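By convention in this document, chain letters (A, B, ...) are assigned in the order of the sequence lines, proteins followed by strands, and residues within each chain are numbered from 1. Owing to the predicted nature of the structure, the values given are computational and were not obtained by experimental measurement.
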Protein chains: 2
Amino acid sequence: MEIYQGKKKQLYLEKNSIAHLFSFPVEEFMEVREYQRDDWIIQEGMRPAFLFYVLEGKAKIYITHQNGKVSLINFINENEYIGEMELLHDVYYTKGIQALTKTVCIALPMHYYRTKLLEDTKFLRELTRFLSVKATLMAAKYSQLLAFPLENRLADFILQTADEGVYKEKHVVACDYLGISYRHFMHVLTQFCNKGYLQKEGRTYLIKQFNSLDALAEMLKNK
Amino acid sequence: MEIYQGKKKQLYLEKNSIAHLFSFPVEEFMEVREYQRDDWIIQEGMRPAFLFYVLEGKAKIYITHQNGKVSLINFINENEYIGEMELLHDVYYTKGIQALTKTVCIALPMHYYRTKLLEDTKFLRELTRFLSVKATLMAAKYSQLLAFPLENRLADFILQTADEGVYKEKHVVACDYLGISYRHFMHVLTQFCNKGYLQKEGRTYLIKQFNSLDALAEMLKNK
DNA sequence: TAAAAAATATGAGATATCTCCTATTTTTGA
DNA sequence: TCAAAAATAGGAGATATCTCATATTTTTTA
């Protein structure tokens with residue numbers, strides 16, 4: 001992890017304005033941090049001292065359960081907060097956050113800014129919007145998980161993560177995300193290949209029947 | 001549904017202060033509404049014209065999926081908002097809200113108060129807290145659903161809804177909540193009886209081994 | 001208050017998903 | 001750069017969960 005200093009920090013902030021986020025100056029104690037792929041931005045169970053706001057990159061939220069299973073709860077993208085739960089709540093089980101790509105974020109020390117942030121309408125309105133989207137998304141994912149079999153959710157996952165018609169996520173990550181065993185995941189993926197939806201190409205999979213996958217994925221959405 | 005008028009409204013508001021919620025007067029266009037058990041406070045897919053705040057009672061959030069399955073996403077309790085998503089977002093799929101007990105709430109017409117609410121720090125801070133709890137709860141439920149079999153989730157549900165050692169939820173509601181078929185639900189419930197955790201008594205079930213159920217439910221929690 | 005609808009109950013067989021196992025290939029770290 | 005760790009791959013059998021079917025009881029409604 002690198003903390004931008006002096007000129008580098010200044011230049012970065014000129015190119016990536018955060019003026020719309022707060023109505024008071026935060027530069028004094030604010031850091032700009034860069035994490036590399038697979039770095040842990042926050043470790044599970046360790047309360048973070050900073051409120052982060054992601055300017056660049058992508059990350060994953062993980063939680064480990066008592067039965068040993070690991071769940072990939074969600075992805076974090078640009079213009080989203082990390083650590084906002086700890087800002088708002090004294091008691092909170094902190095989830096692990098791992099960078100998926102190079103990730104640059106600003107980091108505000110909570111003990112300096114907590115009170116001021118919670119009085120800042122600009123910040124609160126932004127955060128409220130962010131949280132409402134997050135709550136809605138989690139509710140949607142929850143009810144989809146309740147109501148649909150793996151087939152539909154896997155199709156959705158493939159389409160969401162595919163890049164130019166090629167699916168290349170790690171199977172291990174997909175299993176954590178879908179909450180299924182590696183064995184069964186391979187089984188269903190092979191079925192998709194047998195049905196002609198996908199075609200295996202080395203370690204990646206080409207999407208051959210977008211429409212079939214899309215029909216499965218569309219079932220999840222509410223009209 | 002009954003709308004409290006004149007003296008009744010006034011008296012109710014004196015006993016149930018809402019002064020802590022807003023920093024500007026809302027009484028003029030505000031209604032106080034009372035719903036009976038099984039009334040629909042909001043119908044699925046119909047955008048509500050009001051922001052509700054529950055003062056008394058309990059309700060359920062439902063969503064209907066394209067495959068015909070109905071999911072009971074969550075319960076709404078006292079001191080929670082209804083319709084806040086529609087306040088914040090122009091495009092939003094509205095879920096159905098059904099009263100579970102007699103439910104009294106205040107109803108603010110959005111088109112009168114929307115702008116003012118979104119500038120009110122007091123309201124925003126309250127709403128932010130509410131949404132953060134909601135997002136956290138949904139994330140927890142989502143990851144539990146990913147990671148644990150029915151047995152654990154059913155134990156949790158029984159303990160959460162039991163009243164003085166007696167479980168008496170409708171099986172149909174439990175199935176919607178747990179996202180499983182009626183047939184399988186009965187199967188697992190019968191197993192709990194056979195193991196001695198529960199004892200069937202007419203249409204209700206007595207909790208005979210709290211510790212066994214609690215051990216199953218505790219697995220869901222993060223320490 | 002009788003007919004219709006909803007909820008409870010259970011059997012039987014099909015399908016989805018898991019656990020355990022073993023082997024090979026790829027990536028990581030001392 | 002080589003040994004260890006992680007990821008990929010797939011077989012076999014067990015368990016969880018679903019679908020369909022049918023019957024009875026309770027609740028709702030015209």
Side-chain angles (χ1 to χ4, degrees), chain A residues 36-40 60 62 64-65 67-72 98 100 144-155 157-158 167-195 198-205 216 219, chain B residues 36-40 60 62 64-65 67-72 98 100 144-155 157 161 167-195 198-205 216 219:
Chain A
Q36 299 308 311
R37 180 189 162 92
D38 293 342
D39 280 357
W40 289 94
K60 296 177 285 188
Y62 276 109
T64 309
H65 299 278
N67 63 0
K69 272 205 187 179
V70 172
S71 295
L72 168 47
Q98 187 179 32
L100 219 145
Q144 289 164 5
L145 187 52
L146 280 177
F148 292 95
L150 177 61
E151 189 176 45
N152 298 89
R153 297 184 298 114
L154 176 57
F157 182 71
I158 289 173
Y167 170 78
K168 49 175 113 172
E169 286 301 311
K170 282 200 180 159
H171 297 344
V172 181
V173 172
C175 291
D176 287 345
Y177 184 81
L178 296 165
I180 55 171
S181 67
Y182 189 91
R183 188 65 193 86
H184 188 57
F185 174 79
M186 289 305 292
H187 180 64
V188 179
L189 198 63
T190 305
Q191 278 190 338
F192 276 15
C193 291
N194 291 341
K195 286 179 183 168
L198 299 174
Q199 185 184 310
K200 191 171 174 182
E201 196 65 44
R203 294 224 149 186
T204 67
Y205 295 78
L216 288 173
M219 283 292 291
Chain B
Q36 298 309 311
R37 180 188 161 93
D38 292 343
D39 280 357
W40 288 94
K60 296 178 285 187
Y62 276 109
T64 309
H65 299 278
N67 63 359
K69 271 205 189 181
V70 173
S71 296
L72 169 45
Q98 188 179 31
L100 216 140
Q144 288 164 7
L145 187 51
L146 280 177
F148 292 94
L150 177 60
E151 189 176 43
N152 299 90
R153 296 184 299 114
L154 176 58
F157 182 71
T161 57
Y167 170 77
K168 48 175 111 170
E169 285 302 311
K170 284 201 178 157
H171 296 344
V172 181
V173 172
C175 290
D176 287 345
Y177 184 81
L178 296 165
I180 56 171
S181 68
Y182 188 89
R183 187 67 194 83
H184 188 56
F185 174 79
M186 290 305 294
H187 180 65
V188 179
L189 198 62
T190 305
Q191 279 190 340
F192 277 16
C193 291
N194 291 340
K195 286 179 183 168
L198 299 175
Q199 184 184 310
K200 191 172 173 179
E201 197 65 44
R203 292 223 150 185
T204 67
Y205 295 78
L216 287 174
M219 283 292 290

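- Here the C1' atom of nucleotide D:dT19 and the NZ atom of B:Lys69 are 11 Å apart, to the nearest Å.
- Each of A:Leu72, A:Asp39, A:Asp38 was evaluated against A:Gln98; a single residue qualifies, A:Asp38, per the side chain to side chain contact (heavy atoms under 4.5 Å, CB included) test.
- Within the nucleic acid shown, B:Met186 comes within 4.0 Å of at least one base atom, counting heavy atoms only.
- Among the nucleotides C:dT10, D:dT8, D:dG11, the one closest to the side chain of A:Arg183 is D:dG11.
- The interatomic distance linking A:Asn67 (CG) with C:dC18 (P) rounds to 12 Å, in whole Å.
- Note: B:Leu178 CG to B:Phe185 CZ = 6.5 Å, rounded to the nearest 0.5 Å.
- Side chain of A:Asn67 to main chain of B:Phe148: no donor-acceptor pair is present (N/O by atom type, distance under 3.5 Å, no hydrogens or angles).
- What separates OH of A:Tyr182 from P of D:dA7 is a distance of 9 Å, to the nearest Å.
- Between A:Ile180 and B:Gly202, the residue anchored nearer the 5' end of DNA chain C, judged by the nucleotide with its closest heavy atom, is B:Gly202.
- With C:dC18, D:dT19, D:dA7 as the choices, the nucleotide that has an atom nearest any side-chain atom of A:Ser181 turns out to be C:dC18.
- As a whole-Å value, the separation of A:Asp38 CG from C:dG29 P is 9 Å.
- Taking only side-chain nitrogens and oxygens, B:His171 comes nearer than 4.0 Å to OP1 or OP2 of C:dA9.
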Check the pair B:Val173 / B:Lys60 against side-chain contact (heavy atoms from CB on, under 4.5 Å), numbers first and verdict last. CA-CA 10 Å; B:Val173 172; B:Lys60 296 178 285 187; 4.1 Å; yes

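- Of the listed nucleotides (C:dA9, D:dT17, C:dT17), C:dA9 has the atom at the smallest distance from the side chain of B:Tyr205.
- Taking atom CZ of A:Phe185 as the reference point, atom P of D:dG11 lies 17 Å away to the nearest angstrom.
- Nearest nucleotide to the A:Pro149 side chain, out of C:dT17, D:dC18, D:dG10: C:dT17.
- Of the candidates C:dT8, D:dA16, C:dT26, C:dT26 carries the atom nearest the A:Arg203 side chain, counting heavy atoms from C-beta on.
- By the 30° and 60° cut-offs, the orientation of the rings of B:Phe157 relative to B:Tyr167 is perpendicular.
- The nucleotide whose nearest atom lies closest to any side-chain atom of A:His184 is, among D:dA9, C:dT17, C:dT10, C:dT17.
- The CG atom of A:Leu189 sits 16 Å away from the P atom of C:dA16 (whole-angstrom rounding).
- When the P atom of C:dT28 is taken as reference, atom CD of A:Gln36 falls 14 Å away, rounded to whole Å.
- As rounded to whole Å, 19 Å separates atom P of D:dT17 from atom CD of A:Glu151.
- Not one side-chain nitrogen or oxygen of B:Lys170 sits closer than 4.0 Å to the OP1 or OP2 atom of D:dT27.
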